[in-house]
Structure formats: structure tokens, C-alpha cells
Number of protein chains: 2
Amino acid sequence: MPRRTRPTINQVAEAAGVTKSSVSRAFTRPEMLSEETVRKISAAAERLGYVPNRTARALSTGRHGNIALIVPDVANPFFPPLIRAAQSEADRSDYCVFLGNSDEMPKQEDKLIGRFGGQVEGFLLVSSRLTDEQIVEHAARRPVVLINRDVEGIPRVLIDSASGVTEAVEHLASLGHKKLVYVGGPRGSWSNKQRRAAVRRSARALGLEVGVIANEYPAFEAGRRVVPNVLASGATAVIAFDDLTAQGMLAELLDRGVSVPEELSVVGCDDVLGATTYPSLTTVSNRSIEAGKTALTLLVDALENQAAPDVRYVLNTNIVVRNTTGKART
Amino acid sequence: MPRRTRPTINQVAEAAGVTKSSVSRAFTRPEMLSEETVRKISAAAERLGYVPNRTARALSTGRHGNIALIVPDVANPFFPPLIRAAQSEADRSDYCVFLGNSDEMPKQEDKLIGRFGGQVEGFLLVSSRLTDEQIVEHAARRPVVLINRDVEGIPRVLIDSASGVTEAVEHLASLGHKKLVYVGGPRGSWSNKQRRAAVRRSARALGLEVGVIANEYPAFEAGRRVVPNVLASGATAVIAFDDLTAQGMLAELLDRGVSVPEELSVVGCDDVLGATTYPSLTTVSNRSIEAGKTALTLLVDALENQAAPDVRYVLNTNIVVRNTTGKART
DNA sequence: CTGTTAGCGCATTCAT
DNA sequence: ATGAATGCGCTAACAG
């Protein structure tokens with residue numbers, strides 16, 4: 001039965017017949033020691049099962065090798081692949097990552113940042129619901145990298161869904177649609193603003209009529225609830241803030257006997273469902289994995305080089321045509 | 001522009017005209033101080049924006065208020081809801097949670113545990129791929145709670161998919177199926193063993209013939225790849241380790257022109273896809289949210305009370321009949 | 001190359 | 001009720 005308290009640097013030192021300085025060096029800057037000594041120490045450490053105490057190390061160096069990743073909703077399928085990508089990138093650089101879930105609430109997000117504050121070197125804020133001012137303030141304290149949030153002066157990775165949304169509108173126009181609606185997402189969402197603007201802009205350019213329907217929480221059930229409004233709008237095509245919302249709409253439309261795409265064309269956004277809906281959903285591609293990986297690399301860079309470059313990394317998207325879009329009903 | 005280094009206990013002490021001992025007490029055991037002093041200190045702390053340094057506190061007390069949550073694959077839809085539930089439960093008790101992704105690899109899982117080791121008070125291991133011995137060893141060092149892993153002596157929450165799987169087999173039998181196959185999951189997975197055993201046991205009890213097809217990584221593509229073997233087996237129904245695998249099979253079957261459920265009945269497991277596949281998938285319910293919440297409560301209990309009760313918390317499941325199961329072809 | 005010394009920021013005896 | 005002193009485990013000058 002192993003003891004509950006882990007061996008310390010001192011025990012290793014004693015076991016190896018050196019002082020703790022040497023043990024410390026063996027783990028941080030082995031090139032300063034003779035190979036012989038390093039070997040001795042490694043052997044002793046191995047034998048005792050010694051692992052450096054990160055907390056103690058952090059107190060001494062001010063660096064704990066931790067970063068915090070905060071997302072609005074872990075369970076929203078848009079985020080897990082991004083989280084996973086960020087994780088494995090962090091792993092490569094030996095960082096541990098705290099995960100925070102803001103539940104789409106600015107207050108909760110702020111609270112989490114405070115709680116993590118003391119023990120992380122930097123933050124990766126995904127689709128942050130904070131205000132620009134709050135973000136700037138936090139960024140003044142320690143490095144922050146943003147995903148899908150465009151704040152001047154703060155390194156950010158933006159998935160430009162506008163490009164894909166524009167393609168979607170063009171696609172619908174080419175199918176003969178004259179009137180469409182956009183079903184929105186969270187108020188504080190940068191992606192939502194961007195998508196809504198892209199729909200409006202491209203629709204106007206093509207001479208289409210466009211309405212907007214508000215919808216705060218992006219989820220299956222919310223998609224169902226919004227259907228009556230969509231139907232009442234008289235539009236022949238709808239673009240939803242995300243796939244989840246679109247999926248909910250699809251289910252509700254099926255229940256109401258409204259056939260897709262014959263009576264109504266539906267376009268999602270983020271391509272998180274793949275071809276798994278029925279009919280398979282026409283949507284806008286997402287590049288969340290690249291975004292997660294890139295953002296984390298940016299953050300690590302900022303941490304290692306002390307400098308946070310003012311990068312604005314944009315990832316374009318495309319429309320993915322599947323089977324929920326078709327010719328406009330006449 | 002706020003300074004980048006946070007104020008320390010000493011600065012607060014000086015500002016308040018007391019020693020750091022008093023400041024420390026003001027934050028941990030204010031009842032030991034006069035109200036007057038506490039007020040003075042609080043005011044000074046407030047003014048300076050002082051927040052206790054968790055790292056320093058941890059080094060001194062051995063308690064950092066962090067826990068680690070390790071899952072095989074964040075991007076597997078089974079886990080996010082569980083993670084979310086565990087998160088919010090941790091939040092209620094003011095714990096920060098590290099998230100680790102083992103990529104289904106025991107070695108990676110072990111590495112993560114080591115890396116977190118120094119800075120967490122306990123672990124929540126979900127669907128751990130480690131050996132019993134490894135788990136016991138880690139549990140000897142600090143509190144561990146398991147989800148979907150049944151190791152004697154270690155607090156664990158088990159989602160009993162056997163009950164649901166058994167119902168599934170009975171369901172298939174009642175539809176006239178005589179021969180079925182089980183498409184497996186990860187080798188180290190407790191759930192996989194449990195499901196496979198349940199299929200065999202109940203099939204035998206009902207006089208059905210049953211084959212097993214191995215399949216290491218539970219994912220959409222793996223589901224597609226396994227289809228030829230399933231078809232070759234001559235079975236009229238298949239039960240898959242999880243919904244993802246089943247979904248991949250559905251896609252491949254569609255591509256091959258094999259109609260479901262007319263020619264082949266398909267049952268998934270975990271109900272992570274809801275009714276979103278086509279045809280909508282018959283599956284076994286999951287209770288991952290309750291599992292996450294319960295496990296985290298158990299862990300916090302173990303941390304606060306020093307004692308890890310040997311609980312074995314079992315959550316039963318049921319079959320959810322949708323549209324991928326039908327009468328056996330004749 | 002390696003040992004000695006002094007903290008990092010805080011909690012916690014032990015005094016007073 | 002409060003102050004002084006010690007140590008948590010480790011890194012980082014500073015010597016030699």
C-alpha cells in the first residue's frame with residue numbers, strides 16, 4: 001500500500017546522495033548537470049515514484065502550466081470537437097486545462113474567470129458572452145485568446161460563417177426563393193450578429209426579402225418552438241443560427257406534416273450533425289477543430305514569449321448542400 | 001491599467017495596519033478576530049483588489065480545491081452532458097475542474113493522472129481504460145470516484161446498460177428474430193463487457209443464436225467498416241455497442257441498399273442521438289447526467305469527510321423503441 | 001558542475 | 001484577540 005503523501009524533492013535528494021538543488025536541476029535544466037548525476041537522480045526519483053509538485057513549483061516560479069478554457073455550453077455539439085483539439089494541443093506543450101461552462105451567462109463566465117484566476121496563466125474564451133470592456137480588462141491581467149469574438153487588440157480566431165451564409169443565400173436564390181427568414185441565436189453571440197448581417201446583406205444584394213426571428217438559446221427544443229413564427233412569416237426558406245435549432249425545426253415540421261424541402265427549405269449552420277438528420281441537413285461548414293488548435297497555439301505562444309501579438313485569424317466557411325433545400329414552392 | 005501582479009497578503013496587512021496572520025485569519029476564520037479588525041482588513045483588501053492566492057494556500061494546506069475529470073473522448077456525444085452535469089455540481093461546491101482526454105488510451109490516461117496529480121484533490125474517472133490494479137493504486141494516493149467501472153472498494157456509479165440491453169434482446173425475440181450479432185466496443189471498456197454479457201445471457205435464455213463482432217474504437221466510421229461482417233454473419237438483427245457505431249452502420253447499410261428494419265434490425269446504445277437518425281434509432285436509454293452529478297457529489301463527500309465510502313451506485317436503463325427494429329425477415 | 005541560501009504567499013502552531 | 005516564527009515543496013541567484 002503506497003503512502004498517501006507523495007515523495008518530495010528532499011527525499012529524492014537524500015536517496016541520490018545530492019542536494020535538492022541538483023534534483024531540481026535534473027528536472028528543469030539537466031544540461032547543467034553531469035550525465036552521471038542526472039542518471040543517479042533519475043534512478044532515485046523513479047524508484048521512489050517522485051513527480052515534481054506543480055503547486056510548489058508554481059509558487060516559486062509564478063508559472064503553473066495551467067490554462068482555462070471557458071465555453072458557453074459543453075453539451076452543445078459545436079464545442080466538444082473544439083475542446084478536444086485545444087486539449088491535445090495543450091497536451092503537447094504540457095499544459096493542464098481547466099474547463100469552465102458559463103451556461104451562456106455572462107455573470108457565470110465572470111465568476112469562473114475569477115475562480116480560475118489565481119491558478120492559470122492564460123484564458124481561452126470561446127464564444128464569450130462578456131462585454132468587450134470585461135474582456136479587455138481580463139486581458140490586461142493575463143493573456144487571453146478569443147474564439148469567435150472580435151475584440152481589437154486581443155488575439156482572436158474567428159470562424160467566418162459569413163462566407164458560408166452568403167453562399168447559402170445565393171444557393172437559395174438560385175433555387176427560386178424570394179422570401180426567407182433568419183432564426184437567430186444568443187444575444188451576446190458574435191457569430192449570431194455576423195450570420196444575421198450576412199443574411200441581410202447578401203439577401204439585399206440579390207433582391208430577396210428577409211425577416212428575422214429572435215431565439216435566445218440555441219437548442220433542439222427552441223427550434224421546435226420557433227416553427228409557428230416561421231410558418232406565419234410566409235417565407236419559403238429559413239436559415240437557422242445553428243444545426244441544433246434547425247434540427248428542432250425539422251422535427252417540429254415533420255410533426256406538423258410540413259414537408260421539407262418541398263414546402264420549406266431549411267439551412268443550418270456549423271455542420272455538427274453531419275448527414276445524420278432526415279432529410280440530411282444543408283448547412284454551413286464549421287472549422288472548430290482548427291479554431292481550437294490555432295487558438296491554443298496562440299495562447300501558448302503568448303505565454304512563452306510574454307508577448308501577445310495582435311493577430312486576427314480568420315477561417316472561412318462554405319455551404320454544404322444536402323437534402324433540406326430545394327426549389328421554392330410556387 | 002491594472003498591474004499584472006496581484007496584491008499579496010502582506011500588502012493588505014500593511015494597508016490595514018495589522019500583521020499577515022490577521023489577514024489570513026480574516027479570510028479563513030474571521031470568528032477568531034474582533035469585528036473591528038475584520039472590517040478594517042476587508043476594507044483594505046477590497047481597496048487593493050486582494051484575492052487569496054490559491055496556489056500558496058494549497059502549498060500550505062494541501063488542499064487546492066481542484067478535481068480532475070478524465071474521459072476517453074470529449075467529442076464522443078455520450079460524455080458532454082455528463083461533463084456538464086459534473087461541472088455544475090463542482091461549481092456548487094466551489095471546485096475547479098480539470099478536464100482530461102485519454103483518447104481511449106490507457107497510457108495517456110495514466111500520463112494525465114500523473115500530470116494532474118500534484119494539483120488536484122481527487123479524480124473522477126469516467127469509463128476508465130486503466131487496469132483494476134492501476135485504479136486501485138491511484139485510489140490509494142487520493143480519492144477516486146469511478147463512472148462505469150466496477151472496482152471493488154472504490155466508490156463507483158454504474159449505468160447498468162445490461163437491463164436495457166436485456167430488454168432489447170427480448171424486444172427482438174418478440175419480433176421473431178432468431179439470430180443476432182453484437183458489435184463490440186473498446187477492449188478495456190466495462191460497459192462493453194457488460195453489454196456483451198447481457199446480450200449473450202438473455203439470448204441464451206430465449207434460445208436465440210448470437211455472434212460477436214469486435215470493433216475497437218466506437219465511432220461513426222468504425223460502424224461503417226463493420227457492416228460487411230455483420231451482413232456476412234447472416235443475422236437478422238444487430239445490437240451495437242453504442243449509438244455512434246449504430247449510426248455509422250445505418251449510413252453504410254443505406255449506401256449498400258440494405259433496408260432497415262425490413263432486412264436488418266439495428267439497435268444502438270446510450271441514446272445520444274435522440275430521434276435524429278433516419279430511420280430513428282431504437283436504442284437503450286442512458287442516464288449519464290445523473291451519473292455525472294452523483295459521482296461528483298460522491299467525490300466531494302469523500303474530500304470533505306476524509307472517508308471514501310464503498311458505494312456502488314447503480315442506474316438502470318430501458319429500451320427506447322423507435323424505427324430501426326421490426327419483424328425478422330423470413 | 002554542485003552546494004548554500006533565500007524566498008514564493010499563505011496557514012498554523014506557539015507565544016503573548 | 002493578535003503577533004512572531006516556522007514550513008509547505010520547489011526554483012533561483014549566489015557562491016565555490
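Chain letters run A, B, ... following the sequence lines, proteins first and then strands; every chain starts at 1. What you see is a predicted model, and the numbers here were worked out from it, not measured in a lab.
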**Prompt:** Nearest-Å distance, CE (B:Met32) to P (C:dT12)?
**Reply:** 10 Å
**Message:** With a 4.0 Å cut-off on N to O distance, would you call B:Arg156 and B:Asp310 a salt bridge?
**Reply:** yes
**Prompt:** Would B:Arg142 and B:Glu121 pass as an ion pair if we require N to O under 4.0 Å?
**Reply:** no
**Item:** Note: A:Glu104-A:Arg187 ion pair, threshold 4.0 Å (strictly below)
**Value:** no
**Prompt:** So does A:Lys293 pair up with A:Glu89, basic N to acidic O under 4.0 Å?
**Reply:** yes
**Prompt:** Whole Å only: how far is the CD atom of B:Glu14 from the P atom of C:dG9?
**Reply:** 14 Å
**Prompt:** Quick one: B:Ile9 CD1 to C:dC8 C1', roughly how many Å, whole number?
**Reply:** 13 Å
**Side-chain donor/acceptor of B:Arg29 to base of C:dT13, under 3.5 Å** = no
**Request:** Return the orientation label for the A:Tyr50 and A:Phe27 ring planes: parallel under 30°, perpendicular over 60°, tilted otherwise.
**Result:** perpendicular
**Prompt:** When all nucleic acid strands are considered with a 4.0 Å heavy-atom cut-off, which category describes B:Tyr50: base, sugar-phosphate, or nothing?
**Reply:** sugar-phosphate
**Full working for side-chain hydrogen bond (donor to acceptor under 3.5 Å, both in side chains) between B:Thr294 and B:Thr297** = CA-CA 5 Å; B:Thr294 305; B:Thr297 305; over 6 Å; no
**Asked** Hey, does the side-chain of A:Ser21 have a donor or acceptor N/O within less than 3.5 Å of a partner on the base of C:dT4?
**Response** yes
**Length of the CZ-P vector between B:Phe27 and C:dA11, whole Å** = 9 Å
**Prompt:** Which whole-number value in Å describes the distance from A:Lys20 NZ to C:dT5 P?
**Reply:** 11 Å
**Request:** For the side chain of A:Thr37, starting at C-beta, report the closest nucleotide among C:dG9, C:dG3, C:dC1.
**Result:** C:dC1
**Message:** Any side-chain N or O of A:Thr19 below 4.0 angstrom from OP1/OP2 of C:dG3?
**Reply:** yes
**Prompt:** For B:Asn53 and C:dG9, what is the distance between atoms CG and C1' respectively, to the nearest whole Å?
**Reply:** 6 Å
**Message:** Distance check needed: C:dC10 C1' versus B:His64 NE2, whole Å only.
**Reply:** 14 Å
**Request:** Tell me what B:Thr55 touches on the nucleic acid: a base, only sugar-phosphate, or nothing, going by heavy atoms under 4.0 Å.
**Result:** nothing
**Message:** What contact category does A:Val23 fall into here, base, sugar-phosphate, or nothing, at under 4.0 angstrom with non-hydrogen atoms?
**Reply:** nothing
**Asked** With a 4.0 Å cut-off on heavy atoms, is A:Ser24 in touch with a base, just the backbone sugar-phosphate, or nothing at all?
**Response** base
**Prompt:** Below 4.0 angstrom, N of the basic side chain to O of the carboxylate: do B:Arg25 and B:Glu31 qualify?
**Reply:** no
**Boundaries of the chain B footprint along DNA chain D (any atom under 4.0 Å from a heavy atom)** = D:dA1 to D:dG9
**Message:** Output the rounded distance in Å from CG (A:Leu59) to C1' (C:dA6).
**Reply:** 13 Å
**Prompt:** Does B:Arg54 or B:Arg25 map to a spot on DNA chain C nearer the 5' end, using the closest nucleotide for each?
**Reply:** B:Arg54
**Request:** Keeping the roles fixed (side chain from B:Arg149, backbone from B:Leu130), state whether a donor-acceptor pair exists under 3.5 Å.
**Result:** yes
**Message:** Assuming nearest nucleotide by heavy-atom distance, tell me which of B:Ser22 and A:Val51 is located more 5' along DNA chain D.
**Reply:** B:Ser22
